[in-house]
Amino acid sequence: MENTVLRTENLYAYFGEHCVLKNINLSLPYNNVIAIMGPSGCGKTTLIRCINRMHELIEDARIEGKVFLQGEDVYSLDPIIARRKTGMVFQRPNPFPTMSIYDNVIAGYKLNGIKINKSERERIVEDKLRKVALWDEVCNCLHKRGTFLSGGQQQRLCIARALSLNPEILLLDEPTSALDPKATSSIEELIIKLKESVTILIVTHNIEQAARVSDFTAFLYLGELVEFGKTEKIFTVPSDKRTEEYLTRRIR
Amino acid sequence: MLIRIIKNRLFFGAIVLFSIFSIIPLFLILFFIFKNGISSLDFLFSSQILNAIVGTFILIILAGIFSIPLGILAGIYLSESKGRLVYFVRLCVEVLQGIPSIVIGIIAYLLIVVPMRGFSAISGGFALGIIMLPVIIKSTEETLKLIPYSLKEASLALGVPYYKTILKVVLPAGLSGILTGILLSIARVSGETAPLLLTAFGSCFMNLDISKPINSLPLLIFNYATSPYQNWISQAWAASLILILFVLILNIIARLIVKRWRIQF
Amino acid sequence: MVDHYSKKELIFKKILFLSGFFIIALLFTIFLTLIVSSFPSIKAFGLGFLSGKVWDPVFSQYGCFPFLLGTLITAGLALFLSFFFSLSISILIGEYLKKGTLPFLLKGLIDLLAGIPSVIYGFWGLFFLVPIVQKIEVFLGITPYGVSILTASLVLSIMIIPYSASIGREVIGLVPSEIKEAGYSLGATRYEVIRKVILPYAKGGLSAGFLLSLGRALGETMAVTMVIGNSALLPKNIFSPGNTMASVIANEITEATGKLYLSSLIEIGLVLFFLTTIVNIMGNYIVGRVKC
């Protein structure tokens with residue numbers, strides 16, 4: 001019985017011959033916020049894309065090793081099924097421009113042809129929009145296009161969309177880097193609230209953000225998992241010299 | 001120094017003059033058609049012209065059936081796929097676009113009219129379809145290329161298979177651009193005469209049988225304008241008026257209206 | 001393992017591939033059909049077809065030269081006549097008036113010019129230009145046919161302005177402002193910057209635009225056939241009636257009796273195909289290079 005929601009075993013990731021992730025071994029506990037930080041190019045985004053099998057969409061990309069989601073080997077499943085078990089939110093908010101807010105939330109069902117009746121649909125839309133604190137703002141214009149919302153609202157819509165399929169883990173790839181400070185802090189508040197219902201893995205290049213929102217932090221440097229542990233500990237008494245140098249900004 | 005300033009002013013003046021002169025023929029032609037067309041209003045809906053209008057629509061529909069699905073698919077292929085073949089297909093599209101319409105008429109004649117032993121709307125539709133094809137392919141490709149990858153990513157991350165992502169997310173997002181391309185290609189072929197001379201051939205009878213010859217507005221204009229009968233020439237003016245209005249309206253709809261629907265990223 | 005997704009994906013990718021392949025197949029079919037149907041004529045006349053000056057269906061003598069000449073003269077003359085007009089529009093909208101309603105309007109009008117069906121150009125040419133040319137011919141003491149190489153070139157020149165103008169406008173607009181500013185900072189007037197900096201820089205793209213205009217003019221059928229006179233004799237001067245390759249095909253193909261007659265007309269189509277393809281590929285190649 002797994003008590004970790006996500007576990008990677010000797011994970012290597014390649015673009016052609018170039019190795020971008022080396023021997024990553026991570027175990028993530030349920031209902032926590034785990035931040036992945038590190039300088040640009042260290043492999044943070046590649047790591048989460050290996051989890052929901054988006055990495056292999058790039059030509060010549062491949063992995064070695066294993067990834068277990070709730071004990072199940074992600075790479076033994078159909079990639080489509082694997083992706084439905086995880087939710088992903090991207091750097092720039094990307095609601096579907098041809099769909100209304102309502103349809104965006106249940107896009108995971110609609111596009112996949114999963115049939116649900118009307119009352120179930122309405123329940124899901126309200127439930128997820130409330131979860132991301134967007135319901136009160138949009139309940140009267142659910143059938144308007146999602147692109148009329150502000151950046152922060154759009155990103156929350158994307159989170160609601162990702163949550164609609166009830167994934168086991170939510171993968172956030174620098175979700176606030178395209179947002180203004182006010183929207184950023186509201187998203188950070190949201191992340192802390194959401195961890196009660198789902199485990200969150202957030203990639204960030206902002207050290208302060210990692211300190212603010214996460215319970216656990218992983219530090220990646222040049223493709224290696226340098227250190228992983230409770231955020232408090234990592235930020236106060238890091239075990240590895242490289243972590244310390246990154247935190248004090250000697251490495252960028 | 002003064003000479004240089006004078007030269008500068010003169011140059012600008014010459015540029016403006018030449019530019020205005022280039023537009024004058026447009027107004028001359030429009031004026032010519034409108035003036036003569038309106039004075040032939042009683043001929044406006046003669047039976048021959050109605051026949052030709054129906055024929056034009058039938059030919060456009062046939063051409064559309066052949067070129068729109070194929071054109072959109074090929075456009076998706078060009079914007080989504082990689083490899084040497086893609087480069088070659090793109091080259092073929094460029095070459096196809098440059099082939100004179102009369103040569104395309106010859107092909108339709110040899111491939112369809114001769115085996116069928118007769119002129120027909122089908123052969124005309126086929127020829128017009130080949131002319132429409134490159135325009136639709138190019139506008140589809142260019143529209144899809146402008147759609148950011150993040151849209152596809154969002155859909156793929158939800159576990160939507162690739163083919164559904166293209167058909168249900170990417171294509172709808174590019175609909176306005178694709179529609180513009182289709183409307184403009186229709187505007188282009190509705191005025192085509194040359195290939196129809198040897199395929200649809202023209203006919204005096206209104207018929208909906210697509211395996212028989214059929215008339216179209218530009219064919220009527222050509223045949224009547226070059227005839228010695230004043231009655232027919234007047235009909236040609238009326239038909240020209242209708243054709244120009246049709247082409248104009250399609251252009252306006254395509255460029256001003258459909259373009260407004262374009263989703264900004 | 002849910003495999004039906006991968007099957008559907010495969011089918012979709014195959015359909016896309018097939019549609020691309022169909023385009024190539026279509027082009028090759030066109031090419032092969034033209035060659036195969038020209039065989040009788042190629043066998044009968046060989047390369048002499050291109051230089052043969054006599055086109056006489058009655059005696060089964062087919063030479064393409066009068067039409068080749070007619071095509072090259074009308075297209076070349078049309079390009080020459082339209083040159084300064086389309087260049088002016090390119091410079092005006094590409095450099096002087098880049099933004100605002102006036103260039104938008106001008107661009108719209110030029111696009112409209114391109115949208116007018118060629119048969120209507122021919123119609124207008126027949127009833128408006130031909131009488132004018134007749135008056136000129138009377139004034140010069142020549143037989144006032146009205147229809148002539150000159151008339152056809154005049155109509156063509158108007159028709160091809162939009163093609164070179166729109167590409168020219170794009171190319172001139174793409175000239176980097178750094179080098180323009182370098183010119184201005186040396187004290188050059190606008191005219192001098194245009195003439196000595198912008199135009200030389202945009203030379204490649206501009207010639208591509210003119211090549212594409214030329215390609216259009218070479219293949220134009222309807223407007224030409226209505227005002228050129230449709231004579232199979234070698235034109236003596238620009239006031240003579242003549243014919244072009246596209247025009248003679250349109251005129252005679254439905255009445256072509258006999259295999260050789262039809263085959264010769266198709267061979268003319270083949271020559272036209274080669275000519276326009278080469279010009280277009282050259283033009284597109286240069287545009288591709290410039291835009292990168």
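These figures come from a predicted structure and were not determined experimentally. All heavy atoms count here, side chains included; hydrogens, waters and symmetry mates do not. Here is the naming used below: chain letters follow the sequence lines, and residue numbers restart at 1 for every chain.
When heavy atoms are compared at a cutoff of 4.5 Å, A/L165 approaches chain B solely by way of its side chain, counted from C-beta outward. Using a 4.5 Å cut-off between heavy atoms, A/Q91 does not touch chain B at all. Residue contact with chain B, scored on non-hydrogen atoms closer than 4.5 Å, involves the side chain of A/F90 exclusively. Using a 4.5 Å cut-off between heavy atoms, A/K110 touches chain B through its backbone atoms (N, CA, C, O) alone. With a 4.5 Å cut-off on non-hydrogen atoms, B/S155 touches chain A through its backbone and its side chain both. Contact annotation for A/L171: neither backbone nor side-chain heavy atoms come within less than 4.5 Å of a heavy atom of chain B. For A/R49, the part lying under 4.5 angstrom from a heavy atom of chain B is the side chain only.
B/T140 OG1 to B/L171 CG: the interatomic distance, rounded to the nearest 0.5 Å, is 8.0 Å. Distance CG/B/L196 to OG1/B/T56: 8.5 Å, rounded to 0.5 Å.
Ring orientation note: the planes of B/F66 and B/F126 are tilted relative to one another, at an angle of 30° to 60°.
A cation-pi arrangement is present between A/K144 and A/F148 under the rule of less than 6.0 angstrom and at most 45 degrees off the ring axis.
Ion pairing between A/E137 and A/R156 holds under the 4.0 Å rule for side-chain N and carboxylate O.
Side chain to side chain, A/Q155 and A/T176 fail the donor-acceptor criterion of an N or O pair below 3.5 Å.
Options B/A173, B/G159, B/P148 differ in how many heavy-atom pairs under 4.5 Å they form with chain A, and the most are formed by B/G159. The most heavy-atom pairs under 4.5 Å with chain B, out of A/P95, A/G108, A/P97, A/G113, come from A/P97.
Here the side chains of B/R90 and B/Y77 are not in contact, with every heavy-atom distance at 4.5 Å or above.
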